[in-house]
There are 2 protein chains.
Amino acid sequence: MISVAIVDDDPIVCSSIGTILTATGTAQVLWSAHDGETAVANYRRHAPDVLLIDVQMPGIDGLEAAARILRGDPDARILILTTFADPDYIRRAIDLHTKGYLIKQDVASVVPAVQAVMAGQVVLGAEVLGQLPLHVAPREGGAPGESVGEDPRFAVLTDRERGIAALVAEGLDNREIAGRLYLSEGTVRNRISDILAKTNISNRTKLAVEWLACH
Amino acid sequence: MISVAIVDDDPIVCSSIGTILTATGTAQVLWSAHDGETAVANYRRHAPDVLLIDVQMPGIDGLEAAARILRGDPDARILILTTFADPDYIRRAIDLHTKGYLIKQDVASVVPAVQAVMAGQVVLGAEVLGQLPLHVAPREGGAPGESVGEDPRFAVLTDRERGIAALVAEGLDNREIAGRLYLSEGTVRNRISDILAKTNISNRTKLAVEWLACH
DNA sequence: CGCGCATTGTGACATTTGTCACCACTGCTT
DNA sequence: AAGCAGTGGTGACAAATGTCACAATGCGCG
C-alpha cells in the first residue's frame with residue numbers, strides 16, 4: 001500500500017485529499033502537517049512514499065521545504081500542489097527535481113497523479129507546460145515603469161504566424177522550424193514571407209531582433 | 001468508461017498494453033493500429049479519449065501522426081510512448097501539446113498515466129525533464145556588481161569582427177553593413193563567415209540572437 | 001628581415017532565404 | 001450557396017547568404 005503525507009495550511013484541503021486517497025484505496029495517509037518546518041521534521045522520522053505539499057504556507061514555503069527534504073533524501077517523491085501556475089514556482093519545482101506540479105482544482109485528480117509518481121513518472125498540471133520558458137528566454141524588463149506590452153507591429157499576425165516568428169527569434173532556420181512544427185519547408189517560407197510583408201520588415205534577422213526587443 | 005486507442009508497430013506491445021488497461025478496469029480499447037497513417041484515419045472516424053502512440057514506426061512516425069491528428073482535433077489527448085528519452089523527440093512532443101511522453105519500460109505504468117491524462121494532467125517519464133533544454137533565463141537580480149560579462153563564445157573574436165557581429169545583431173543585411181563600414185559586400189560576407197566558424201554558430205540570425213542574449 | 005595576424009578584396013559556387021502564382025481544405029460568415 | 005480568412009502545400013525563380021581558394025596590404029614582434 002502506498003503511503004503519503006499531506007502538507008497544506010488548510011486542514012480542509014488536507015482532509016479532503018486524504019479522504020479521496022483512502023476512499024479509493026489508492027494510499028494511506030502517514031501523517032499530515034500545516035507548515036513547512038513540521039513537514040521537514042516529520043519527513044525525517046517517517047518518510048512517506050509520496051509527499052504532497054502546498055506552495056503557499058506560513059513560515060517556509062512548500063518549495064523551500066521540498067528543497068530541504070531533497071537535500072536529505074534526493075530520491076524523495078514530492079508533488080507540489082498549488083492554486084496558481086506561476087512560471088517561477090514551476091521553474092523552481094522542476095529545478096528541484098520534484099515529481100510534479102499540480103494545480104489544485106479537482107481533488108480527485110491527485111489520485112492518478114500519486115499513482116503515476118509511484119510508477120516513476122512526473123506529473124504536471126495541464127497549463128504548466130505552457131508556462132515553461134522552453135522557448136526564448138525573456139529578455140529582462142529593462143525600462144522600469146514601462147512594460148513591454150506588444151509591438152503594434154505584430155498585432156496583425158495570426159497565432160500561427162506569431163508562433164513561427166517566435167521560432168525565427170530563436171535563430172532556427174527554415175528546415176528546423178519545419179521540423180519543429182511538422183510543416184514543409186516551403187510552407188514555412190511562405191508563412192515567413194507573409195509575416196515580413198505584414199510587419200513591413202525586410203528579412204528574418206531583423207524580424208528576430210524586433211521580436212526579441214518586445215518579448 | 002475511458003476509451004483508448006493504441007498504436008505500435010509491435011502487436012505484442014499493443015496487446016499487452018490493451019490487456020493491462022482492460023484487466024485493471026481502467027479503460028477499454030477502441031481500436032489499435034500498427035502504423036501512423038492507419039492511426040490518423042482511424043482517429044478521424046473513432047476518436048478515443050486517449051491515444052497511446054509509439055514514436056518509432058514504419059511510414060510516418062508517431063510524432064508526425066500526432067501532429068496530423070492534433071491539427072484536426074487540437075484537444076486530442078495523445079500520449080507518446082517510446083523506448084528512448086531523446087531530447088529532440090521530447091521537445092517536439094511538448095511543442096505539439098501532447099499530454100505526455102512515457103518511456104516504455106514497465107507496461108503497468110501506462111495505467112496511472114492514462115488516468116492522469118483523463119484528469120487533465122500531463123505525464124512525463126522520469127528522465128524526461130532532465131533532457132529538456134530549459135536554458136536558464138538570465139533571471140537578473142543576480143550579483144549586482146557583476147554585469148553579464150561576455151559570452152566566452154565571443155571571446156575569440158577580433159574587435160573588427162565584434163563590430164560586425166553587433167551590426168548583424170541590429171538586423172542589418174550585408175549590403176547595409178558594408179555601407180555602414182565602407183567595406184565591400186564580399187568582405188562582409190567573409191568576415192561573417194569567419195565569425196560563424198569561430199563561434200560555431202550556423203547562421204546570422206542565430207548569431208544575432210546569441211549576441212543580444214548577452215549584450 | 002621574415003613570420004604571423006588582422007584586414008580587405010575578388011570570383012566562383014552551393015545553400016538558404018524570400019517571392020510569387022496557384023491549389024486544396026476547413027471553419028466561419030453572409 | 002458563396003465568400004473569406006487561415007492554414008498547409010507545390011514549383012519555379014530571384015536574391016541574399018555562406019563557403020572556399022587565393023591574393024594583397026600593413027602592423028607588430030622576435
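In what follows, every chain begins at residue 1, and chains take the letters A, B, ... in the order their sequences are listed.
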Engineer: On the nucleotide D:dG18, are OP1 or OP2 found under 4.0 Å from the side-chain N or O atoms that B:Arg204 carries?
Structural biologist: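 The answer is yes; a side-chain N or O of B:Arg204 sits under 4.0 Å from OP1 or OP2.
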Engineer: Starting at the 5' end of DNA chain C, write a dot or bracket for each base, bracketing those in Watson-Crick or G-U wobble pairs whose two distances are under 3.5 Å and using | for partners on another strand.
Structural biologist: ||||||||||||||||||||||||||||||
Engineer: From CD1 of A:Ile195 over to P of D:dG6, roughly how many Å is that when rounded to an integer?
Structural biologist: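 To the nearest whole Å, that distance equals 13 Å.
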Engineer: Consider the side chain of B:Glu185, meaning its heavy atoms from C-beta on, and name the nucleotide among D:dG9, C:dT17, D:dT17 that approaches it most closely.
Structural biologist: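 Taking heavy atoms from C-beta onward, the closest nucleotide is D:dT17.
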Engineer: Could you state the CG-P distance from B:Leu172 to D:dT17, rounded to the nearest angstrom?
Structural biologist: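 Taking atom P of D:dT17 as the reference, CG of B:Leu172 is at 10 Å.
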Engineer: For the atom pair CG (A:Leu21) and CD1 (A:Ile2), what is the distance rounded to the nearest 0.5 Å?
Structural biologist: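 Reported value, rounded in 0.5 Å steps: 9.0 Å.
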Engineer: In whole Å, what is the span from the NZ atom of B:Lys198 to the C1' atom of D:dG18?
Structural biologist: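 Taking NZ of B:Lys198 and C1' of D:dG18, I get 17 Å after rounding.
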Engineer: Can a donor-acceptor pair be found, under 3.5 Å and without considering hydrogens, that links the side chain of B:Arg162 to the backbone of B:Leu157?
Structural biologist: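 Confirmed, B:Arg162 side chain pairs with B:Leu157 backbone.
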Engineer: In a table with atom names and distances, give each donor-acceptor pair under 3.5 Å that connects a side chain of residues 167-175 of chain B to protein atoms at least two apart or in another chain.
Structural biologist:
residue  : atom : partner  : partner atom : Å
B:Asp173 : OD1  : B:Arg175 : N            : 3.2
B:Asp173 : OD1  : B:Glu176 : N            : 2.9
B:Asn174 : OD1  : B:Arg204 : NH2          : 2.1

Engineer: Short question: side chain of A:Glu64, backbone of A:Asp61 - any donor-acceptor pair under 3.5 Å?
Structural biologist: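 Absent.
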Engineer: Reading DNA chain D from 5' onward, which residue's closest nucleotide shows up sooner: A:Leu183 or B:Asp173?
Structural biologist: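 Here A:Leu183 is the residue nearer the 5' end.
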Engineer: What nucleic acid atoms does B:Thr187 come within less than 4.0 Å of, heavy atoms only: base, sugar-phosphate, or nothing?
Structural biologist: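 Answer is base: heavy atoms of B:Thr187 come under 4.0 Å of a base.
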Engineer: Can you pull every protein N or O that's under 3.5 Å from an N or O on nucleotides 19-21 of chain D?
Structural biologist:
residue : atom : partner  : partner atom : Å
D:dT19  : OP2  : B:Ser193 : OG           : 2.8
D:dC20  : N4   : B:Asn190 : OD1          : 2.8

Engineer: Less than 4.5 Å apart, side chain to side chain, heavy atoms only: is that true for A:Thr158 and A:Lys198?
Structural biologist: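 The answer is yes, as the side chains (C-beta and beyond) meet within the 4.5 Å cut-off.
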Engineer: What is the distance from CZ of A:Arg191 to P of C:dC20, rounded to the nearest Å?
Structural biologist: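 Nearest whole value for this atom pair: 15 Å.
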Engineer: Quick one: is C:dC5 close enough that its OP1 or OP2 comes under 4.0 Å of any side-chain N or O from B:Thr158?
Structural biologist: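 Looking at the OP1 and OP2 atoms of C:dC5, neither is under 4.0 Å from any side-chain N or O of B:Thr158.
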Engineer: For B:Asp159 and B:Asn203, take the nucleotide of DNA chain C holding the closest heavy atom to each; which residue's nucleotide lies nearer the 5' end?
Structural biologist: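 Residue closer to the 5' terminus by nearest nucleotide: B:Asp159.
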Engineer: Is the shortest side-chain heavy-atom distance between A:Gln115 and A:Val111 below 4.5 Å?
Structural biologist: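 With C-beta onward as the side chain, the pair touches.
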Engineer: Ion pair present between B:Lys206 and B:Glu210, side-chain N to carboxylate O less than 4.0 angstrom?
Structural biologist: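 Result for this pair is no, no salt bridge flagged.
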Engineer: Please state how far atom CD1 in B:Ile177 lies from atom C1' in D:dT17, giving the value in whole angstrom units.
Structural biologist: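 Going from B:Ile177 (CD1) to D:dT17 (C1'), I get 11 Å.
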Engineer: Looking at every heavy atom in both B:Tyr101 and B:Tyr89, which two are closest together, and how far apart are they?
Structural biologist: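 Between these two residues, the closest heavy atoms are OH-CB, 3.4 Å.
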Engineer: Rounded to whole angstroms, how far apart are CD1 on A:Ile164 and P on C:dT17?
Structural biologist: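 In whole Å, C:dT17 P and A:Ile164 CD1 are 14 Å from each other.
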Engineer: Tell me: CD of A:Glu161 to P of D:dG6, nearest whole Å?
Structural biologist: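 From A:Glu161 CD to D:dG6 P: 7 Å.
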Engineer: In whole angstroms, how far is the P atom of C:dT17 from the NZ atom of A:Lys206?
Structural biologist: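 About 16 Å, once rounded to whole Å.
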Engineer: Is A:Asn174 near enough to C:dT16 that one of its side-chain N or O atoms lies under 4.0 angstrom from OP1 or OP2?
Structural biologist: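 For C:dT16, OP1/OP2 do not have a side-chain N/O of A:Asn174 under 4.0 Å.
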Engineer: With a 4.5 Å limit on heavy-atom distance, are the side chains of B:Val114 and B:Val4 in contact?
Structural biologist: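 Yes, at least one pair of side-chain atoms sits under 4.5 Å.
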Engineer: Does B:Thr98 reach the main-chain N or O of B:Leu79 with its side chain, forming a donor-acceptor pair under 3.5 Å?
Structural biologist: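 No.
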